[in-house]
Structure formats: C-alpha cells, structure tokens
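Protein chains get the first letters and strands the later ones, always in sequence-line order, with residue 1 at the start of each. Because the structure is predicted, anything quoted here is derived from the model rather than measured.
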Amino acid sequence: MYLSANLNTYLVVALFLLILGLYGMIQHRTFIGMLISTELILNGAGLNFMAFNRFLAPNPAVGQIFTLFIMGIAAAEAAIAVSVILAVYRRYRTSDPDEVHDLHG
Amino acid sequence: MILYQYIAEALFFAFILLVFFGGLLAVRSSILMHAVLGLAVSLLGVAGLYFYLGSPFLAMMQILIYVGAVCIMIVFGIMVGYTPNQVRVEGITGKNTFLALLSSILVFILLLVALSRTFWVPSASRMGDFTLSYLGESLLYQYCLAFELISVVLLTAIVGAIVLARGKKGEHF
C-alpha cells in the first residue's frame, strides 16, 4: 500500500495545515502573520477538496474547479487584506492587533 | 518499474516534509520575511501534492497564483507598511502561545479521532476524466456563472484595494 494512493495521508496533511493556521491565528503577533495563517488554512481546504475529488467524487472536474475558485478568492482576499493593513498602519502607526482600538470596553 | 515507484514515494514524502517545515517556519518565525518564505515553501509542497492527486494544471496554478502572486503581495505589504525595526517581531513566547497550542492540539486530536473512525465510500460510478479539456468544458458550460462571478469579485477586489491603500493626497508613511 503506497502512501500517495491513500486518502488519509492527504487528509492528515490538510489537517496539519489547518492546525498550523489556527495556531498562528490565535498567537497573533502581527496582521501580516494572521494573513499568512489564513493562507495556510485556505490551502488546507483546497488540498482536502482535491483529495476527495481524486478518491471519492463522481465527477473529477468539480473538485478542481472548486480549488481554482478557492485560489481566486484567496488572491482577492490577500489583496484586500494587505491594503486594509496599510490603511490601519497609516491610521494607528502600529502593527500589533491588540493596540488597534478606539473603544475601551 | 518498482524502482520508479520507490522514487515517486520518496518525492511524495519530500513534498510532505516541505509542507510541514514550511508551515512551521511560517507560523513560528519571528522575522516576517522568513515567515513569508516559509509560506511559499509550504505552498510549493502543496503544489507537489496536487501532482500526485492527478492534476498538474492545479499544481501550476498553485505555483502561479499563490507562490507568484499572493506571497509577493504579502512581501509588498511588509516592505511598504512596516519600518525596518518592526520587521522583527518580539515576544514569540507571548501571552497567547499557551492558548494557541492548547486549542490547536485539541482540534488536531478531535479531527484525527473523527478521521480514524470514518469509513469513506467511493461513488459507485465516475463520469468524466482528469483531462484539461474536460475541465475547461465544464468551466465554460456547467460552471459558467460561477466563473463570471469570480472575475467580478476579483475586479471589485482590485478596485477596492486601490481605493483603500491610496490614502489622502500628500500623505506618506
């Protein structure tokens, strides 16, 4: 039984990507670090779609198209996130997410 | 024949190691540039896994879009927005490390248990194939609306990013 012909291998790799992204997201040091974690999580989702597409799905085009759409959404999200980070940096002069607040509640 | 399969398995293992250690570098590095480098390495590993999943086209798209566009954009974000003394982020063992470790390990165990108890059933019949022409056909016939919508989303994102990042006149970082 080869590792590359086993569905569970890909699922475990995708799970590792998910928990790495979760770890980086909670540990948040900077906005850019959180953006990087988001990209990791999105890639785990795409890998999951491709694995299920390869082994289980009735139509092998659906998973590939879905992964392509995830890539497009991730690119749009990264562009928006970088420009929002720039705007926040210009307004607050900090890169620490904990210091960006106007309301003290 | 057998030798080729062993080489393929070794390459597969190497791609998985790329994903693991690139992801670790992306999350744990205290220098943001190194974190982006780790992200790029991890995404390259995922592109290699796409080869093994029977879709070289997706692997190329992954390299083109993620490694070529998204990572470069994040590098631009770092270089434009952060002054050099802020590029190194202090306090990697901050207040949230314990919480982050706890929650991620809990999620890992939960999903691993769920994974080990699940029995996947393949679909009874498969239609279509993995070829690029079939993919393009279904992208232009069956999923035409989604294809157009995502181009609209990308256009909106570009215009929105320009408007957000431009700022007021005469204002500099």
Side-chain angles (χ1 to χ4, degrees), chain A residues 2-4 7-13 15-24 26-30 32-33 35-37 39-40 43 46-47 50-51 53-61 64-65 67-69 71-80 82-87 89-90 95, chain B residues 9 12 16 19-20 23 26-27 32 35-36 39 43 46 49-50 52-55 58 61 65 69-70 73-74 77-78 80-82 86 89 96-97 99-100 103-104 107-108 111 115 120 122-123 125-130 134-135 138-139 143 146 150 153-154 157-158 160-161 164-165 167 173:
Chain A
Y2 292 103
L3 265 184
S4 58
L7 174 61
N8 283 335
T9 314
Y10 298 98
L11 294 187
V12 169
V13 174
L15 175 56
F16 192 79
L17 280 175
L18 169 70
I19 63 154
L20 268 182
L22 192 65
Y23 176 84
I26 298 174
Q27 197 206 17
H28 63 81
R29 298 112 46 196
T30 56
I32 297 276
L35 178 60
I36 290 173
S37 308
E39 298 299 331
L40 283 180
N43 247 272
L47 186 60
M50 280 299 287
N53 177 52
R54 162 76 176 77
F55 291 103
L56 303 179
N59 186 350
Q64 300 185 54
I65 289 172
T67 311
L68 271 179
F69 286 168
M71 284 180 193
I73 294 291
E77 171 254 342
I80 292 291
V82 165
S83 55
V84 166
I85 288 167
L86 287 188
Y89 184 79
R90 195 184 292 135
S95 60
Chain B
E9 282 303 295
F12 181 74
I16 289 182
V19 175
F20 276 20
V27 172
L32 279 177
V36 178
L39 178 69
L43 300 183
V46 174
L49 293 185
Y50 284 167
Y52 283 84
L53 287 169
S55 179
L58 257 288
M61 281 299 117
I65 296 175
V70 172
M73 198 147 50
I74 296 175
I78 293 172
V80 171
Y82 291 76
Q86 278 175 318
V89 181
N96 283 329
T97 305
L99 284 178
S103 59
S104 52
V107 170
F108 182 70
L111 287 179
L115 184 59
W120 304 106
S123 67
S125 67
R126 308 197 76 172
M127 49 173 269
D129 43 25
F130 278 89
Y134 181 67
L135 184 65
S138 46
L139 205 55
Y143 300 98
I150 207 159
V153 165
L154 276 172
I158 292 169
L164 274 175
F173 288 106

**OP:** Give, as side chain, backbone, both or neither, the part of B:Ile150 having an atom under 4.5 angstrom from any heavy atom of chain A.
**Re:** side chain

Original post:
Picking from B:Tyr143, B:Tyr50, B:Tyr134, which has the most non-hydrogen pairs under 4.5 angstrom with chain A?
Top reply: B:Tyr50

Original post:
By a 4.5 Å heavy-atom criterion (distance strictly below it), what part of B:Tyr52 contacts chain A: side chain, backbone, both, or neither?
Top reply: both

Original post:
So which part of A:Leu7 gets closer than 4.5 Å to some heavy atom of chain B, the side chain, the backbone, both or neither?
Top reply: side chain

**OP:** Select one option (side chain, backbone, both, neither) describing which atoms of B:Ser125 are under 4.5 Å from chain A's heavy atoms.
**Re:** backbone

Original post:
How far does CG of B:Leu58 sit from CG of B:Leu135, to the nearest 0.5 angstrom?
Top reply: 7.5 Å

Original post:
What residue, out of B:Gly54, B:Ser103, B:Pro122, B:Ala26, has the most heavy-atom pairs lying under 4.5 Å from chain A?
Top reply: B:Pro122

Original post:
Out of curiosity, A:Gln27 CD to A:Ser37 OG, how far, rounded to the nearest 0.5 Å?
Top reply: 8.5 Å

Original post:
So which part of B:Ala69 gets closer than 4.5 Å to some heavy atom of chain A, the side chain, the backbone, both or neither?
Top reply: neither

Original post:
Is chain B contacted by the side chain of A:Leu18, its backbone, both, or neither, given a heavy-atom distance below 4.5 Å?
Top reply: side chain

Original post:
Heavy-atom distance under 4.5 Å between the side chains of B:Leu164 and A:Leu86, does that happen here?
Top reply: no

Original post:
Checking A:Leu17 against chain B: side chain, backbone, both or neither under 4.5 Å from a heavy atom?
Top reply: side chain

Original post:
Which of the residues B:Ala146, B:Ala157, B:Ala100 is involved in the greatest number of heavy-atom pairs with chain A at under 4.5 angstrom?
Top reply: B:Ala100

Original post:
About how many Å separate OG1 of B:Thr97 and CD1 of A:Ile26, when rounded to the nearest 0.5 Å?
Top reply: 11.0 Å

Subject >> A:Leu35 portion near chain B, given a 4.5 angstrom heavy-atom threshold >> reply: side chain

**OP:** Tell me, out of A:Ile65, A:Val82, A:Thr9, A:Leu22, who's got the most heavy-atom pairs with chain B below 4.5 Å.
**Re:** A:Ile65

Subject >> Heavy-atom proximity to chain A below 4.5 Å, by part of B:Ile16 >> reply: side chain

Original post:
From B:Leu39 CG over to B:Leu43 CG, what is the distance, rounded to the nearest 0.5 angstrom?
Top reply: 4.5 Å

**OP:** Please determine, among A:Pro58, A:Gly24, A:Ala61, the option with the most heavy-atom pairs under 4.5 Å with chain B.
**Re:** A:Pro58

Subject >> Part of B:Leu49 within contact of chain A (heavy atom distance under 4.5 Å) >> reply: both

Original post:
In terms of heavy-atom pairs under 4.5 Å with chain B, which of A:Asn59, A:Val12, A:Asn8 leads?
Top reply: A:Asn59

**OP:** Return the orientation label for the B:Phe12 and A:Tyr10 ring planes: parallel under 30°, perpendicular over 60°, tilted otherwise.
**Re:** perpendicular

